[in-house]
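Working notes for the structure below.
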Amino acid sequence: MQNKNVTAVPAEYLRSVDAEFQGSMQEVSYEVCNYIDLSRQLVTNRKIDIGEAGREAVAGDAIWKKCNVYLPAGYDSNDTDVKYNVLYLLHGVGGDQFEWLSSNGKVDGRFIISNLFDNLIANGDIDPLIVVFPNGRSAHDWTDSSFNSEGTNMLGFYYFDYELRYDLIPFIESNYNTYADIADTSSEGIRFNRAHRAIAGLSMGGMQALNLILGGHRYDSTRFTGTDSIWGNGLDQTVLTSGMIDLFAYVGAFSNAPTSSEGNVLGATLASSDHKLRLLYMTCGEADFAIRSYAKSVEGLSDEAGNHLEHFYQILIKDGNHDFNVWNNGVYNYSRLIFTNSEEGLISGVARKTL
(Lines give C-alpha, C1' and ligand atoms only; values in the text may rest on other atoms or scores of the structure.)
Protein backbone atom coordinates (compact mmCIF):
# COMPACT_ATOMS: atom_id res chain seq x y z
CA MET A 1 0.00 0.00 0.00
CA GLN A 2 1.26 3.43 -0.93
CA ASN A 3 0.13 6.79 0.37
CA LYS A 4 0.23 9.59 -2.14
CA ASN A 5 0.14 13.34 -1.99
CA VAL A 6 -3.25 14.98 -1.59
CA THR A 7 -4.68 15.39 -5.10
CA ALA A 8 -8.01 15.70 -6.88
CA VAL A 9 -9.79 12.37 -7.14
CA PRO A 10 -8.97 10.77 -10.52
CA ALA A 11 -12.01 10.70 -12.82
CA GLU A 12 -11.51 7.00 -13.52
CA TYR A 13 -11.92 6.22 -9.80
CA LEU A 14 -15.59 7.20 -10.09
CA ARG A 15 -16.16 4.45 -12.67
CA SER A 16 -16.75 0.79 -11.96
CA VAL A 17 -14.03 -1.82 -11.82
CA ASP A 18 -14.20 -5.35 -13.20
CA ALA A 19 -16.77 -7.52 -11.44
CA GLU A 20 -14.19 -9.57 -9.55
CA PHE A 21 -12.94 -6.41 -7.81
CA GLN A 22 -16.37 -5.02 -6.89
CA GLY A 23 -17.36 -4.85 -3.25
CA SER A 24 -20.92 -5.30 -2.00
CA MET A 25 -23.35 -3.05 -0.12
CA GLN A 26 -25.84 -4.34 2.41
CA GLU A 27 -28.43 -2.71 4.63
CA VAL A 28 -28.60 -4.12 8.15
CA SER A 29 -30.69 -3.49 11.26
CA TYR A 30 -29.34 -3.19 14.78
CA GLU A 31 -30.73 -2.54 18.24
CA VAL A 32 -30.23 0.91 19.79
CA CYS A 33 -30.55 1.42 23.53
CA ASN A 34 -29.20 4.99 23.60
CA TYR A 35 -31.33 7.67 21.96
CA ILE A 36 -33.46 10.80 22.49
CA ASP A 37 -37.12 10.08 23.21
CA LEU A 38 -40.27 12.10 22.54
CA SER A 39 -39.81 13.98 25.84
CA ARG A 40 -36.25 15.02 24.88
CA GLN A 41 -34.78 12.72 27.51
CA LEU A 42 -31.78 10.49 26.88
CA VAL A 43 -32.91 6.89 26.96
CA THR A 44 -29.96 4.72 27.95
CA ASN A 45 -29.03 1.37 29.42
CA ARG A 46 -25.89 2.93 30.92
CA LYS A 47 -25.20 5.00 34.00
CA ILE A 48 -24.88 8.51 32.50
CA ASP A 49 -24.82 11.57 34.73
CA ILE A 50 -27.19 14.44 33.94
CA GLY A 51 -24.25 16.83 34.07
CA GLU A 52 -22.49 14.91 31.31
CA ALA A 53 -25.54 14.50 29.09
CA GLY A 54 -27.03 17.91 29.74
CA ARG A 55 -30.45 16.33 30.23
CA GLU A 56 -32.15 13.61 32.21
CA ALA A 57 -31.07 10.04 31.44
CA VAL A 58 -33.85 7.46 31.77
CA ALA A 59 -34.45 3.77 31.16
CA GLY A 60 -36.61 2.81 28.20
CA ASP A 61 -37.30 0.32 25.46
CA ALA A 62 -34.75 -0.20 22.71
CA ILE A 63 -35.46 0.90 19.15
CA TRP A 64 -34.20 -0.57 15.87
CA LYS A 65 -32.23 1.42 13.34
CA LYS A 66 -30.63 0.68 9.98
CA CYS A 67 -27.23 1.35 8.47
CA ASN A 68 -25.53 0.45 5.21
CA VAL A 69 -22.28 -1.51 5.15
CA TYR A 70 -19.77 -1.72 2.29
CA LEU A 71 -17.82 -4.99 2.22
CA PRO A 72 -14.74 -5.20 -0.01
CA ALA A 73 -14.38 -7.75 -2.81
CA GLY A 74 -13.39 -11.11 -1.38
CA TYR A 75 -14.90 -10.53 2.05
CA ASP A 76 -15.83 -13.91 3.56
CA SER A 77 -17.73 -13.89 6.84
CA ASN A 78 -16.55 -17.44 7.51
CA ASP A 79 -12.87 -16.58 7.15
CA THR A 80 -12.28 -15.12 10.59
CA ASP A 81 -8.51 -15.18 10.09
CA VAL A 82 -8.77 -12.19 7.73
CA LYS A 83 -9.50 -8.96 9.61
CA TYR A 84 -10.49 -5.50 8.40
CA ASN A 85 -10.22 -1.86 9.40
CA VAL A 86 -13.51 0.03 9.67
CA LEU A 87 -14.36 3.53 8.42
CA TYR A 88 -17.60 5.20 9.56
CA LEU A 89 -18.99 7.81 7.11
CA LEU A 90 -21.63 10.21 8.44
CA HIS A 91 -24.27 12.07 6.43
CA GLY A 92 -25.62 15.64 6.39
CA VAL A 93 -28.58 17.31 8.08
CA GLY A 94 -31.11 16.40 5.37
CA GLY A 95 -29.62 13.02 4.60
CA ASP A 96 -29.69 9.55 6.04
CA GLN A 97 -27.82 6.26 5.74
CA PHE A 98 -28.30 6.44 1.97
CA GLU A 99 -26.91 9.94 1.35
CA TRP A 100 -23.36 8.83 0.57
CA LEU A 101 -24.91 6.25 -1.77
CA SER A 102 -27.98 7.60 -3.58
CA SER A 103 -27.36 11.35 -3.32
CA ASN A 104 -23.83 10.86 -4.59
CA GLY A 105 -25.21 9.22 -7.70
CA LYS A 106 -24.25 6.25 -9.84
CA VAL A 107 -21.79 5.62 -12.65
CA ASP A 108 -21.86 2.40 -14.69
CA GLY A 109 -24.87 1.28 -12.69
CA ARG A 110 -23.05 1.33 -9.34
CA PHE A 111 -22.92 3.83 -6.51
CA ILE A 112 -20.06 6.27 -7.01
CA ILE A 113 -18.94 5.76 -3.42
CA SER A 114 -18.69 2.00 -4.05
CA ASN A 115 -16.71 2.62 -7.24
CA LEU A 116 -14.38 4.91 -5.33
CA PHE A 117 -13.55 2.34 -2.66
CA ASP A 118 -13.39 -0.45 -5.24
CA ASN A 119 -10.79 1.51 -7.22
CA LEU A 120 -8.78 2.51 -4.16
CA ILE A 121 -8.54 -1.13 -3.12
CA ALA A 122 -8.04 -2.61 -6.58
CA ASN A 123 -5.21 -0.18 -7.35
CA GLY A 124 -3.44 -0.87 -4.07
CA ASP A 125 -3.93 2.63 -2.68
CA ILE A 126 -5.53 1.26 0.48
CA ASP A 127 -5.97 -2.09 2.15
CA PRO A 128 -9.44 -3.68 1.88
CA LEU A 129 -11.71 -2.18 4.53
CA ILE A 130 -15.29 -2.15 5.78
CA VAL A 131 -17.23 1.12 5.47
CA VAL A 132 -20.28 1.81 7.63
CA PHE A 133 -22.91 4.40 6.65
CA PRO A 134 -25.06 5.06 9.74
CA ASN A 135 -28.08 7.25 10.26
CA GLY A 136 -26.67 9.91 12.55
CA ARG A 137 -29.89 10.82 14.33
CA SER A 138 -30.00 9.07 17.69
CA ALA A 139 -33.70 9.70 18.26
CA HIS A 140 -36.98 7.86 18.38
CA ASP A 141 -37.91 9.63 15.11
CA TRP A 142 -34.59 8.90 13.39
CA THR A 143 -36.25 8.43 9.99
CA ASP A 144 -37.43 12.08 9.96
CA SER A 145 -34.90 13.95 7.79
CA SER A 146 -36.59 17.36 7.98
CA PHE A 147 -34.77 20.42 9.35
CA ASN A 148 -36.60 21.48 12.50
CA SER A 149 -34.49 23.13 15.17
CA GLU A 150 -37.07 22.17 17.79
CA GLY A 151 -37.39 18.56 16.66
CA THR A 152 -36.09 15.56 18.55
CA ASN A 153 -34.73 14.30 15.23
CA MET A 154 -32.40 17.33 15.17
CA LEU A 155 -31.47 16.90 18.82
CA GLY A 156 -30.52 13.32 18.04
CA PHE A 157 -27.56 14.49 15.93
CA TYR A 158 -25.90 15.84 19.09
CA TYR A 159 -26.34 12.57 21.00
CA PHE A 160 -25.08 10.13 18.39
CA ASP A 161 -21.94 9.47 20.44
CA TYR A 162 -23.77 7.29 22.95
CA GLU A 163 -25.31 5.17 20.20
CA LEU A 164 -21.98 4.94 18.41
CA ARG A 165 -20.09 3.81 21.51
CA TYR A 166 -22.65 1.52 23.10
CA ASP A 167 -24.75 0.23 20.19
CA LEU A 168 -23.34 0.60 16.67
CA ILE A 169 -19.64 -0.16 17.17
CA PRO A 170 -20.38 -3.23 19.33
CA PHE A 171 -22.81 -4.44 16.64
CA ILE A 172 -20.29 -3.99 13.81
CA GLU A 173 -17.41 -5.56 15.71
CA SER A 174 -19.42 -8.57 16.82
CA ASN A 175 -20.94 -9.26 13.39
CA TYR A 176 -18.04 -8.56 11.00
CA ASN A 177 -14.41 -9.66 10.84
CA THR A 178 -12.79 -6.53 12.23
CA TYR A 179 -9.39 -5.96 13.80
CA ALA A 180 -10.98 -3.91 16.56
CA ASP A 181 -12.89 -5.50 19.40
CA ILE A 182 -14.59 -3.00 21.66
CA ALA A 183 -15.08 -5.72 24.26
CA ASP A 184 -11.32 -5.55 24.95
CA THR A 185 -11.02 -2.63 27.37
CA SER A 186 -7.44 -3.28 28.45
CA SER A 187 -4.94 -0.48 27.88
CA GLU A 188 -3.30 -2.47 25.10
CA GLY A 189 -6.68 -3.33 23.62
CA ILE A 190 -7.79 0.30 23.52
CA ARG A 191 -4.51 1.34 21.88
CA PHE A 192 -4.81 -1.39 19.27
CA ASN A 193 -8.52 -0.93 18.56
CA ARG A 194 -8.50 2.83 17.99
CA ALA A 195 -5.74 2.40 15.39
CA HIS A 196 -8.17 0.29 13.35
CA ARG A 197 -11.16 2.64 13.42
CA ALA A 198 -11.67 5.90 11.51
CA ILE A 199 -14.62 8.25 11.21
CA ALA A 200 -15.52 11.15 8.93
CA GLY A 201 -18.62 13.03 7.88
CA LEU A 202 -19.99 15.57 5.45
CA SER A 203 -21.66 18.80 6.61
CA MET A 204 -23.69 17.89 9.74
CA GLY A 205 -21.72 14.65 9.88
CA GLY A 206 -18.53 16.72 9.82
CA MET A 207 -19.85 18.63 12.81
CA GLN A 208 -20.49 15.32 14.57
CA ALA A 209 -16.96 14.14 13.82
CA LEU A 210 -15.59 17.29 15.47
CA ASN A 211 -18.00 17.94 18.34
CA LEU A 212 -18.60 14.34 19.37
CA ILE A 213 -15.27 12.67 18.55
CA LEU A 214 -12.71 15.42 19.23
CA GLY A 215 -14.92 16.95 21.90
CA GLY A 216 -17.05 20.06 21.38
CA HIS A 217 -20.49 21.20 22.45
CA ARG A 218 -23.87 19.59 22.19
CA TYR A 219 -26.65 21.84 20.87
CA ASP A 220 -30.37 22.20 21.49
CA SER A 221 -33.20 24.42 20.31
CA THR A 222 -33.15 27.95 21.71
CA ARG A 223 -36.79 27.38 22.63
CA PHE A 224 -35.53 25.03 25.32
CA THR A 225 -32.18 26.66 26.19
CA GLY A 226 -33.70 30.13 26.56
CA THR A 227 -30.62 31.63 24.88
CA ASP A 228 -29.83 33.13 21.50
CA SER A 229 -28.33 31.25 18.58
CA ILE A 230 -24.96 32.60 17.45
CA TRP A 231 -25.56 30.76 14.17
CA GLY A 232 -29.01 32.21 13.55
CA ASN A 233 -30.50 28.75 13.04
CA GLY A 234 -32.47 28.30 16.26
CA LEU A 235 -29.77 26.20 17.93
CA ASP A 236 -27.41 27.07 20.77
CA GLN A 237 -24.71 25.17 22.60
CA THR A 238 -25.29 23.37 25.88
CA VAL A 239 -22.81 21.00 27.53
CA LEU A 240 -19.30 20.10 26.44
CA THR A 241 -18.68 16.50 25.39
CA SER A 242 -15.64 14.56 26.51
CA GLY A 243 -14.91 13.25 23.00
CA MET A 244 -14.26 9.72 21.79
CA ILE A 245 -10.54 9.76 21.05
CA ASP A 246 -10.26 6.55 23.04
CA LEU A 247 -12.13 4.87 20.16
CA PHE A 248 -10.73 6.62 17.06
CA ALA A 249 -7.21 7.53 15.95
CA TYR A 250 -8.39 9.16 12.70
CA VAL A 251 -11.05 11.86 12.19
CA GLY A 252 -12.24 13.62 9.05
CA ALA A 253 -14.60 16.59 8.66
CA PHE A 254 -15.78 17.58 5.18
CA SER A 255 -17.55 20.98 4.95
CA ASN A 256 -18.36 20.82 8.65
CA ALA A 257 -21.73 22.47 9.28
CA PRO A 258 -22.68 25.42 11.48
CA THR A 259 -22.80 24.47 15.20
CA SER A 260 -19.32 22.97 14.85
CA SER A 261 -17.35 24.05 17.89
CA GLU A 262 -14.49 26.53 17.70
CA GLY A 263 -10.98 25.26 17.15
CA ASN A 264 -9.70 26.32 20.56
CA VAL A 265 -12.51 24.34 22.24
CA LEU A 266 -11.88 21.23 20.14
CA GLY A 267 -8.12 21.48 20.63
CA ALA A 268 -8.39 21.92 24.39
CA THR A 269 -10.58 18.84 24.76
CA LEU A 270 -8.20 16.85 22.58
CA ALA A 271 -5.25 18.02 24.68
CA SER A 272 -6.96 16.71 27.82
CA SER A 273 -7.38 13.23 26.33
CA ASP A 274 -5.30 10.26 27.39
CA HIS A 275 -4.69 9.54 23.71
CA LYS A 276 -3.23 11.31 20.70
CA LEU A 277 -5.11 11.83 17.46
CA ARG A 278 -2.98 10.51 14.64
CA LEU A 279 -4.78 12.38 11.85
CA LEU A 280 -7.36 15.14 11.54
CA TYR A 281 -8.37 15.80 7.93
CA MET A 282 -10.56 18.85 7.28
CA THR A 283 -11.67 20.07 3.87
CA CYS A 284 -14.12 22.60 2.46
CA GLY A 285 -14.93 24.33 -0.80
CA GLU A 286 -13.86 27.95 -1.04
CA ALA A 287 -17.35 28.91 -2.30
CA ASP A 288 -19.16 26.77 0.29
CA PHE A 289 -21.49 28.47 2.80
CA ALA A 290 -19.84 26.23 5.41
CA ILE A 291 -16.48 27.96 4.92
CA ARG A 292 -17.26 30.10 7.97
CA SER A 293 -17.78 27.13 10.27
CA TYR A 294 -14.76 25.41 8.71
CA ALA A 295 -12.57 28.43 9.44
CA LYS A 296 -13.86 28.81 13.01
CA SER A 297 -13.14 25.15 13.75
CA VAL A 298 -9.66 25.28 12.23
CA GLU A 299 -8.53 28.44 13.99
CA GLY A 300 -6.53 27.72 17.14
CA LEU A 301 -7.14 23.97 17.07
CA SER A 302 -3.57 22.81 16.53
CA ASP A 303 -2.19 25.37 19.01
CA GLU A 304 -4.51 24.13 21.75
CA ALA A 305 -4.09 20.46 20.92
CA GLY A 306 -0.29 20.61 21.00
CA ASN A 307 1.38 17.22 20.67
CA HIS A 308 -1.98 15.45 21.01
CA LEU A 309 -2.55 16.11 17.28
CA GLU A 310 0.12 14.47 15.16
CA HIS A 311 -1.06 15.31 11.61
CA PHE A 312 -3.54 18.03 10.64
CA TYR A 313 -4.58 18.40 7.00
CA GLN A 314 -6.46 21.56 5.96
CA ILE A 315 -7.54 21.16 2.33
CA LEU A 316 -9.50 23.79 0.41
CA ILE A 317 -11.19 23.04 -2.92
CA LYS A 318 -10.92 25.99 -5.34
CA ASP A 319 -14.42 27.18 -6.34
CA GLY A 320 -15.81 24.20 -4.43
CA ASN A 321 -19.38 24.24 -3.17
CA HIS A 322 -21.39 22.24 -0.64
CA ASP A 323 -21.50 19.12 -2.78
CA PHE A 324 -20.04 15.73 -3.55
CA ASN A 325 -17.23 17.12 -5.65
CA VAL A 326 -15.70 18.30 -2.38
CA TRP A 327 -16.80 15.30 -0.35
CA ASN A 328 -15.58 12.66 -2.80
CA ASN A 329 -12.22 14.39 -2.86
CA GLY A 330 -12.31 14.24 0.91
CA VAL A 331 -13.00 10.50 0.96
CA TYR A 332 -10.37 9.79 -1.69
CA ASN A 333 -7.56 11.58 0.12
CA TYR A 334 -8.60 10.80 3.69
CA SER A 335 -8.88 7.08 2.92
CA ARG A 336 -5.30 6.99 1.63
CA LEU A 337 -3.96 8.63 4.80
CA ILE A 338 -5.68 6.54 7.46
CA PHE A 339 -4.66 3.15 8.87
CA THR A 340 -0.95 3.72 8.29
CA ASN A 341 1.73 2.18 10.48
CA SER A 342 4.47 4.60 9.52
CA GLU A 343 5.03 8.27 8.79
CA GLU A 344 5.46 7.56 5.09
CA GLY A 345 3.13 9.74 3.03
CA LEU A 346 1.98 11.81 6.02
CA ILE A 347 3.03 15.43 6.43
CA SER A 348 4.01 16.21 10.01
CA GLY A 349 2.25 19.02 11.83
CA VAL A 350 -0.15 21.17 9.83
CA ALA A 351 -0.48 20.65 6.07
CA ARG A 352 -2.38 23.28 4.07
CA LYS A 353 -3.23 22.90 0.40
CA THR A 354 -5.73 24.14 -2.18
CA LEU A 355 -6.84 21.74 -4.93
Test side chain to side chain contact (heavy atoms under 4.5 Å, CB included) applied to Asn177 and Val82, step by step: CA-CA 7 Å; Asn177 299 333; Val82 180; 6.0 Å; no
Asp96 and Ser145: CA distance, side-chain angles, deciding distance, side-chain hydrogen bond (donor to acceptor under 3.5 Å, both in side chains) verdict: CA-CA 7 Å; Asp96 55 22; Ser145 60; 5.8 Å; no
Whether Asn34 side chain and Thr44 backbone form a donor-acceptor pair below 3.5 Å: no
Pair Tyr176-Val132, side chain to side chain contact (heavy atoms under 4.5 Å, CB included): steps then yes or no: CA-CA 11 Å; Tyr176 295 93; Val132 180; over 6 Å; no
Side-chain donor-acceptor pair present, Asp167, Tyr35, cut-off under 3.5 Å: no
Thr225 versus Asp236, side-chain donor and acceptor atoms under 3.5 Å: no
Rounded distance [0.5 Å steps], CG in Leu38 versus CZ in Arg40: 9.5 Å
Other residues, nucleotides, ligands: >12 heavy atoms within 6.0 Å of Glu299 CD: no
Under-4.0 Å salt bridge between Arg165 and Asp246: yes
Lys/Arg-Asp/Glu bridge criterion (N-O < 4.0 Å) met for Glu12, Arg15: no
Under 3.5 Å: donor-acceptor pair, side chain of Gln208, backbone of Gly136: yes
Salt bridge (Lys or Arg N to Asp or Glu O under 4.0 Å) evaluation trace for Asp220 with Arg55: CA-CA 11 Å; Asp220 198 355; Arg55 63 191 58 250; 2.9 Å; yes
Ile50 with Leu155, same ILVMFWY side-chain cluster at under 4.5 Å: no
Any Val17 side-chain heavy atom under 4.5 Å of Gln22 side chain: yes
Joint cluster assignment, Tyr162 & Tyr219, ILVMFWY side-chain distance < 4.5 Å: yes
Separation between OG of Ser29 and CH2 of Trp64, rounded to the nearest 0.5 Å: 7.0 Å
Trace of the side chain to side chain contact (heavy atoms under 4.5 Å, CB included) decision for Trp100 with Val131: CA-CA 11 Å; Trp100 276 103; Val131 186; over 6 Å; no
Pairwise side-chain contact, Leu280 with Leu301, heavy-atom cut-off 4.5 Å (strictly under): yes
Asn321 and its side chain to side chain contact (heavy atoms under 4.5 Å, CB included) partner, picked from Asp319, Asn325, Asp323: Asp323
Chi angles and distances behind the side-chain hydrogen bond (donor to acceptor under 3.5 Å, both in side chains) call for Thr178, His196: CA-CA 8 Å; Thr178 63; His196 294 285; over 6 Å; no
Pairwise distance OG1(Thr354) to CG(Leu316) - rounded to 0.5 angstrom: 4.5 Å
Leu168 and Tyr88, any side-chain heavy atoms less than 4.5 Å apart: yes
No-hydrogen, no-angle side-chain donor-acceptor test under 3.5 Å, Asn104 and Asn328: yes
Short side-chain to backbone donor-acceptor contact, Ser146 and Asn148, under 3.5 Å: no
Between Asn115 and Ser16, a side-chain donor and acceptor under 3.5 Å: no
Ser242 and Thr269, any side-chain heavy atoms less than 4.5 Å apart: no
Validation row: Ser260, Lys296 side chains within 4.5 angstrom (heavy atoms): no
For the student: nearest non-hydrogen atoms of Ile121 and Asp127, plus distance: CG1-O, 4.2 Å
Glu52 to Arg218 - nearest heavy-atom pair and separation: O-NE, 4.0 Å
Pairwise distance OG(Ser302) to CG(Leu270) - rounded to 0.5 angstrom: 10.5 Å
Nearest-0.5 Å distance, CD1 of residue Ile291 to SG of residue Cys284: 4.0 Å
Lys65 (side chain) donor-acceptor with Pro134 (main chain) under 3.5 angstrom: no
Pairs involving residues 74-83, ordered by first then second residue, that meet salt bridge (charged side-chain N to carboxylate O under 4.0 Å, His left out) (sequence neighbours left out): none
Test item: Asp288 side-chain N/O and Ala290 main-chain N/O as donor-acceptor pair under 3.5 Å: yes
Any side-chain heavy-atom pair of Leu90 and Phe160 under 4.5 Å: yes
Hydrophobic cluster membership, Ile315 vs Val298, 4.5 Å side-chain cutoff: no
Heavy-atom pair of closest approach, residues Phe224 and Glu150: CE1-O, 4.1 Å
Expected output: side-chain Arg278 to main-chain Ala195 donor-acceptor under 3.5 Å: no
Shared hydrophobic cluster for Leu116 and Leu71 (ILVMFWY, side-chain gaps under 4.5 Å): no
Any side-chain heavy-atom pair of Leu346 and Glu310 under 4.5 Å: no
Any donor-acceptor N/O pair, Ser203 side chain to Ala257 backbone, under 3.5 Å: no
Whether Phe324 and Trp327 hold their rings parallel, tilted or perpendicular, with breakpoints at 30° and 60°: perpendicular
Mutual orientation of the aromatic rings belonging to Tyr281 and Phe254 [parallel < 30°, tilted 30-60°, perpendicular > 60°]: perpendicular
Euclidean distance, Asn233 CG relative to Ser221 OG, rounded to 0.5 Å: 9.5 Å
Ser114 versus Met25, closest heavy-atom pair with distance: OG-CE, 3.2 Å
Close side-chain approach of Gln97 and Trp142, heavy atoms under 4.5 Å: yes
Taking every non-hydrogen atom, the tightest pair across Gly92 and Met204: C-CB, 3.8 Å
Ring center gap for Phe339 and Tyr250 short of 6.0 angstrom: yes
Donor on one side chain, acceptor on other, Tyr158 and Thr259, under 3.5 Å: yes
Within one Ile-Leu-Val-Met-Phe-Trp-Tyr cluster: Leu120 and Leu101, side-chain cutoff 4.5 Å: yes
Side chain Asn85, main chain Leu129, donor-acceptor under 3.5 Å: no
Passing candidate, ring-ring contact (aromatic ring centres under 6.0 Å, His included) with Tyr84, options Tyr179, Tyr70, Tyr75: Tyr75
Donor-acceptor under 3.5 Å (Asn333 side chain, Thr7 main chain): yes
Asp118/Arg110 salt bridge by N-O under 4.0 Å criterion: yes
Nearest heavy atoms of Lys353 and Leu355, plus distance in Å: CE-CD2, 3.9 Å
Expected output: side-chain Asn123 to main-chain Asp125 donor-acceptor under 3.5 Å: no
